[in-house]
Amino acid sequence: MLEQGHWQGEIWNKRKNGEIYPEWLSITAIRGENGDICQFAAIFSDISERKYQENKIHQLAYLDELTGLANRRMFLDRLKLALANAHRHQHQMAVLFLDLDLFKRINDTLGHQAGDEALKEVARRLQATVREGESVARLGGDEFTILLPEVEGIDSLGCLAKRLVSQFEQPFRLLEQDFFLTTSIGISVYPDDAQSADQLIKHADVAMYQAKNAGRNQFCFYQESVGQQTQNELKLEQALRQALQQQHLEVYYQPKVCLKTGAVTGLEALVRWQHHEHGFISPASFIPLAEKLGLISMLSDHVLTQVCRDIRHHQLKMPVAINISAMQLLDPTFSQRLQHQLHQFAISPKCIELELTESCLIPEQADATLTLLTHLRQQGFRISIDDFGTGYSSLSYLRRLPIDCLKIDRSFVDELPDNSEDAQIAQAIIAMAKALGLDVIAEGVEHPQQQDFLLAAGCSIAQGYLYAPALQIAELQNWLQHRQQLSNCACH
Ligand code: C2E
Ligand code: CA
Ligand code: CA
């Protein structure tokens, strides 16, 4: 200032009440007639408000409001910086991707406020576990990332991941109750697993899903082969969405046959997907995918519409069973949609049987399911329990359910009559069905010996390749006609 006659800058000043605050200060030297400095003039302004606003803007842009952790933007900035550094100095770095397991349950049962509290506590625990320089971020929802700008080998990464998982062993105190949360962690390492920021995150995400699939509450390193599998799943997902849109799924029908008379007592609708590239794709693989993607209700609507159309156009005279997946029963609009569709085609519920597996009978939903099924049965729908014997339904609950029929699972029919355990199980199911006044049907009957055993054991109906596989509607018509002719001949 003595040299230039002027200075300005930011200083900390103290108010009379002792509070420290930032000030912008400009000082100008005032010289007398002889040119010597005789005074200084200072102008200052309080910039605490501006500082506060700047800080706020920075926070909004770079910090997660709920937890105070870095947000996605800050995480990406830091990741890019760390990548450049790792590249320059030729060392490894890693991204950990964390997702809380079944977090939605906390939100759904305790409310969002408790969910927020849990997220804050998670943030605290994660922050306390990492070292200086390793940054924790919240990407959104219940997804967190940890950036390790420099790692000393895979072992130390595994140790950290283990410590992170164990941070969840202590319960979370929410609404004055203890709750347990767990997390699944995926890890990807530069330069082995990926070269770019996007790829590192994506691969850590893939690894996280692998940890979930392996049973949650654990960590997984990225593996290229699994990444490939996820790619395939993605392709399948695209294809399934397309197939649904373009109505490329077709319903086939498998007859159910009365063991005593040989008469056809009903049909089961089984959905088929003929993919133009991959060929036939089994419902056993795309139904679970449709459930996972939330497409199952749409798929089932599609199946039911086709069934209704076929019943109308081909004047099918017997009940048609459709398979209902557990997720559909949880859909509150299920019964309404069902009835709406039947109504559109003027079809009575008596023409439709609903096949539910034991997994549909979720204990937590027992009362709701009972109410729903009772309502449906009053409307005239027949209800049967599919794959019976493979689940864990309690017999007392089963007795209260308004059902018409038990389907003995194929796994017990396969080795009849030689496998004595299976024979006993089949006999027990048949006896039980009778005691409860239910019909019983055996599925997957392929050989006459199986048929003979079942008939002797008192089973009334069977279904399987011995009679017919699932058939296209035109094939089914032929099959039915042919069978009719046979039985006419037998009568004469
Ligand atoms: P599911 O309901 O237990 O159906 C019986 C499965 O056994 C069918 O396989 C059928 O083709 C097959 N099968 C029938 N007879 C025999 C036999 O004698 N031997 C052998 N080895 N297999 C036989 P598919 O059609 O591949 O269906 C598999 C599963 O996919 C079904 O099991 C069902 O759970 C599900 N599914 C099929 N269509 C639908 C649908 O429209 N909606 C829903 N939610 N699930 C469906
Ligand atoms: Ca079935
Ligand atoms: Ca079955």
Side-chain angles (χ1 to χ4, degrees), residues 54-101 119-168 182-212 217-224 226-227 230:
E54 275 174 10
N55 202 7
K56 187 93 191 148
I57 288 169
H58 177 84
Q59 281 189 1
L60 283 176
Y62 287 102
L63 296 184
D64 170 50
E65 214 174 343
L66 179 68
T67 61
L69 293 175
N71 66 9
R72 182 184 293 269
R73 186 176 293 134
M74 171 118 91
F75 168 68
L76 279 175
D77 282 359
R78 286 181 174 169
L79 176 56
K80 283 178 188 152
L81 217 81
L83 260 173
N85 244 321
H87 180 70
R88 194 171 322 120
H89 301 294
Q90 307 244 311
H91 60 69
Q92 288 183 308
M93 57 152 296
V95 168
L96 275 65
F97 198 113
L98 291 85
D99 187 286
L100 305 182
D101 301 323
L119 289 171
K120 281 196 231 172
E121 175 62 17
V122 168
R124 262 194 295 277
R125 291 188 192 185
L126 296 181
Q127 190 87 69
T129 316
V130 301
R131 290 184 305 195
E132 212 180 326
E134 305 176 335
S135 61
V136 184
R138 175 170 173 243
L139 296 196
D142 59 344
E143 289 179 348
F144 296 84
T145 50
I146 297 175
L147 173 65
L148 307 180
E150 195 164 350
V151 292
E152 300 125 24
I154 298 300
D155 290 347
S156 69
L157 261 177
C159 284
L160 172 64
K162 230 181 257 165
R163 265 189 292 137
L164 287 166
V165 169
S166 69
Q167 286 308 306
F168 289 76
T182 57
T183 182
S184 299
I185 305 179
I187 307 171
S188 71
V189 179
Y190 168 89
D192 310 26
D193 301 332
Q195 305 282 331
S196 70
D198 285 351
Q199 286 286 320
L200 262 176
I201 299 173
K202 191 171 149 208
H203 289 173
D205 191 13
V206 166
M208 185 276 291
Y209 270 102
Q210 202 199 346
K212 291 238 183 225
N217 192 23
Q218 54 190 291
F219 65 92
C220 266
F221 285 96
Y222 175 72
Q223 283 172 297
E224 208 173 336
V226 177
T230 317

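For the residue pair Ala211 and Ser184, the shortest heavy atom distance occurs at CB-CB, 4.0 Å. Residues Met93 and Ala86 come closest through the heavy atom pair CG-CB, 3.9 Å. The minimum heavy-atom distance between Asp193 and Ser188, with the atom names listed, is OD2-CA, 3.4 Å. Of all non-hydrogen atoms in Ser135 and Arg78, the two that sit nearest each other are CB-NH1, 3.1 Å. When all heavy atoms of Ala197 and Leu79 are compared, the closest pair comes out as CB-CD2, 3.7 Å. Minimum heavy-atom separation, Phe219 to Lys162: CE2-N, 4.0 Å.
No side-chain heavy atom of Thr145 sits under 4.5 Å from any side-chain heavy atom of Val136. In this structure, the side chains of Ile185 and Phe144 stay at 4.5 Å or more apart for every pair of heavy atoms. Residues Val122 and Arg125 are not in side-chain contact: their nearest non-hydrogen atoms beyond the backbone lie 4.5 Å or more apart. Residues Tyr190 and Leu83 are in side-chain contact: their nearest non-hydrogen atoms beyond the backbone lie under 4.5 Å apart. Side chains of Arg138 and Asn71 form no contact here, defined as non-hydrogen atoms less than 4.5 Å apart.
The number of heavy atoms from other shown groups lying within 6.0 Å of OH (Tyr209) does not exceed 12. More than 12 heavy atoms of other residues, nucleotides or ligands sit less than 6.0 Å from atom NE2 of His91. For Arg72, the CZ atom counts as loosely surrounded, since its 6.0 Å shell holds 12 or fewer non-hydrogen atoms of other residues, nucleotides or ligands.
Side chain to side chain, Thr182 and Asp101 meet the donor-acceptor criterion of an N or O pair below 3.5 Å. With no hydrogens or angles considered, no side-chain donor-acceptor pair links Gln92 and Glu150 at under 3.5 Å.
The CG atom of Leu200 sits 12.5 Å away from atom CZ of Phe97, with the distance rounded to the nearest 0.5 Å. Put simply, CG on Leu139 and CG on Asp64 are 9.5 Å apart, with the number rounded to the nearest 0.5 Å. Here the CG atom belonging to Leu69 is positioned 8.5 Å from the CG atom belonging to Leu63, to the nearest 0.5 angstrom.
Between His203 and Tyr222, the ring-plane angle classifies as parallel under the 30° and 60° cut-offs.
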